[in-house]
Every structure is written in C-alpha cells, then in structure tokens.
Amino acid sequence: MKKTASFIFSPEQLNYEFSETHPFNQKRIILTMDLLKEMHSIDPDDIVEPRTATDEELLLAHDAKYIEIVKKASNGEVSESIGSIYGIGTEDTPFFTGMHDASALLVGGTLSAIEEVMEGRSRYALNLGGGLHHGFQGKASGFCIYNDSSVAIKYLQKKYGARVLYVDTDAHHGDGVQWTFYDDPDVCTFSIHETGRYLFPGTGNVTERGNGKGYGTSFNFPVDAFTEDDSFLHIYRTALREVAEYFKPDVILTQNGADAHYFDPLTHLYSTMKIYEEIPKLAKEIAEEYCDGRWIAIGGGGYDIWRVVPRAWSHLWLTMKSIPTPAGPLPEAWVKKWQTESPFPLIETWQDPPNLYEPVPRKKDIEEKNEQMLTRALHVIRKG
Ligand SMILES: [Zn+2]
C-alpha cells in the first residue's frame, strides 16, 4: 500500500559535522524527530533509511577531480592551500574525517526520497539531512560539500525524464542549484532569500533569470533585511503561484532552510514561526495541482537549532501527513527533556509569543521595496 509520506533518517546523518562549535549542527534532525514522536505523528513504518550516493551519481553534478580531493581530505591527505582551491579546509567549510562518506550519505538521502515518490511507494518524502544548496560543481561553499539538490534534479531528469521545479525558501540564495541549471529550460529554480547586498553568498538578484535556452527559468526574490511575515508570505505566495502556472512542473523539490526566523544568528530577516506553518501548505497545494502530488522536501540552513528549527521542520512533516497545524503548548516531555541542554529558554508553544521583537521602524518602506522587487522579478512571466 502506498504510504502518505516517507521520513528519510539514519543516525549516520549526524556524521556531517565540521566541529562541535560550527553553526551547522545536524542535531536539529534529532530534536525535530523527537518533537514529532512526542506528537505521536511519526510511526516506525514512516522511517526509511537513506542510501549513499555512488560516485557515478555524484558525477551527475560534480567534477571527478573535486570528488577525488574530498575523498583524500576525508583521510587528512589534503593541504590547506590545495583545499582552499576547492573550497574546503576553510573557516566556513573545514576539513573533517570522513567528510566524503558523510556528504555522500546526505546526497543519497535525497535520492532515496526521490525514489520513494517516483517509484510510487509514497506520496511525499522528507529528507531533513539534505538541502546543501551552496555546493558547486567543482567547489564547496557555505557549509555545503556536495549539492544533494543538484545531483537529485539531474537524477530526476535522467531516470524519470521529469521537469523539475526547485523551490528554495532558505534565507540565503540557492546559488549552487541555480548555476547548475542556469542554461536548462527543463529545470526551474525559484529562490526567495534575504538580499545579497550584505549577506552571503551575495547573488540572487532579480536580474539573474537564466541563460540561453534556460532564460526565463531562473527566478529570484531577494527581500530586504528586516522583512516580516506578511511581506515574506505575500511575495512567496504570489510568486510561487505564478511561476508554477508558467512552468507547469512534473515534480517539486523544496529546500526548507529555517534561517529566516528573527532568532536566527546568521541572517537579518524578521520572520516568525508563521512562515514555517504556511510555506509547506502552498508547496503541497502546488504539487497536488500540477504534479499529481509528487513533492520531495529537504532541509537546509537553520542555526537556532533549539528555539526555531524543530518547530519549523515539524510543520513540513505535519503538512505531508495532513495533520492540522498544532497550536498551544509543545509537548511537555519534549520541553523538559531538551531545556537542560539548550543555551536559551525554549519557546514552549507552537506559535511564537506576540511581540517577539520591537516594531520595525522602516516596515512600510521595506514592504514597498519588496513589492517593487516582485514586479521586476515576475516581469518575464507577466509580459506574456
Ligand atoms: Zn541559509
């Protein structure tokens, strides 16, 4: 019998660890799963073990030389000067023992998620271990070694001949995926993010629309720093509706970085939990409308692993399982269990408390700028 949703997980996903103090911390997967377990919303049957991506699969989106360097770096055989050419051994993306295997497992997890859906075993699938959207063909960047989305989209094209809509709601621009498919008219990349004016990786301007035959299949929605829920959701909803209607995908892959929240230490957006309730709802709706349900969701950024990510990512799974959006207090056992480890007082309710932050003085200005950006970004579609 076809399952509603598959949850891709194995404890080895936590081996993707640069250091104990590095902001990218996969413990957030455990925190999320534990919250879902306390909600009695995840069964052992829902969990599917990720496979490891083969070299042949990694080669769909990465250079042989780069893979070879990552393998050597896994055993400490690459100098800092050589590593830096390939973006590894840097402050952002340091060397660590076993980095090839750990990275290939995250890619394999996204491939497992795709197989669950495309082979008809499950309607939806979630791989929170994936979402490494900054990985380039021959270079690591921004905590990302191999790019699971780029490999997975190539795999979807090669094995299933699918037209893919990639939707990236991480606070950072989904640059690695965009550049991989910049010339490809059969892959549409959609990224809503904080403007690159002051934030890594600096790209993601509305004028990046694709190249050659791929012109008009790359969409960027850079919102201003301090953007709040309503403006963010207005841009997301309007843009995703119009882009989906224009591109008409066979399958949707969503990258769900949870770093646009006010609490996130690396970005400057002022979202609350509200956007994380709403983002998956529209993704699912679009998948039902255009793709006969085929929706694969992956993780991404998210650096407040205690107060933000577990609640945010739970909404992905709850949406897939059609469990109504919870309100009120979080399960007491979850709060009790993790409060002792968390460096901050945990938020004990599903929704954020009102007045999470001081009113933003430039609110109106920001909303107007975002609206103008939206008009420019959708110009290619709207001019017909
Ligand atoms: Zn991010």
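Just so you know, ligand 1 is whichever comes first in the structure, and atom 1 is the first atom listed for that ligand. Reckoned from all heavy atoms, side chains included, excluding hydrogens, waters and symmetry mates.
- The nearest N, O or S atom of His193 is not closer to the Zn ion (ligand 1) than 2.8 Å.
- The Zn ion (ligand 1) sits nearest to atom OD2 when only the N, O or S atoms of Asp259 are considered.
- The residues Glu57 and Lys154 are annotated as not salt-bridged, no charged nitrogen and carboxylate oxygen being separated by less than 4.0 angstrom.
- The atom of His172 nearest to the Zn ion (ligand 1) is ND1, with the search restricted to N, O or S atoms.
- We find that Arg311 and Glu277 are not joined by a salt bridge, their nearest charged nitrogen and carboxylate oxygen being 4.0 Å or further apart.
- In terms of distance to the Zn ion (ligand 1), the nearest N, O or S atom of Asp170 is named OD1.
- If you take CD on Glu12 and CD on Gln26, they are separated by 13.0 Å, rounding to the nearest 0.5 Å.
- In this structure, CD1 on Ile296 lies 6.0 Å from CG on Leu156, to the nearest 0.5 angstrom.
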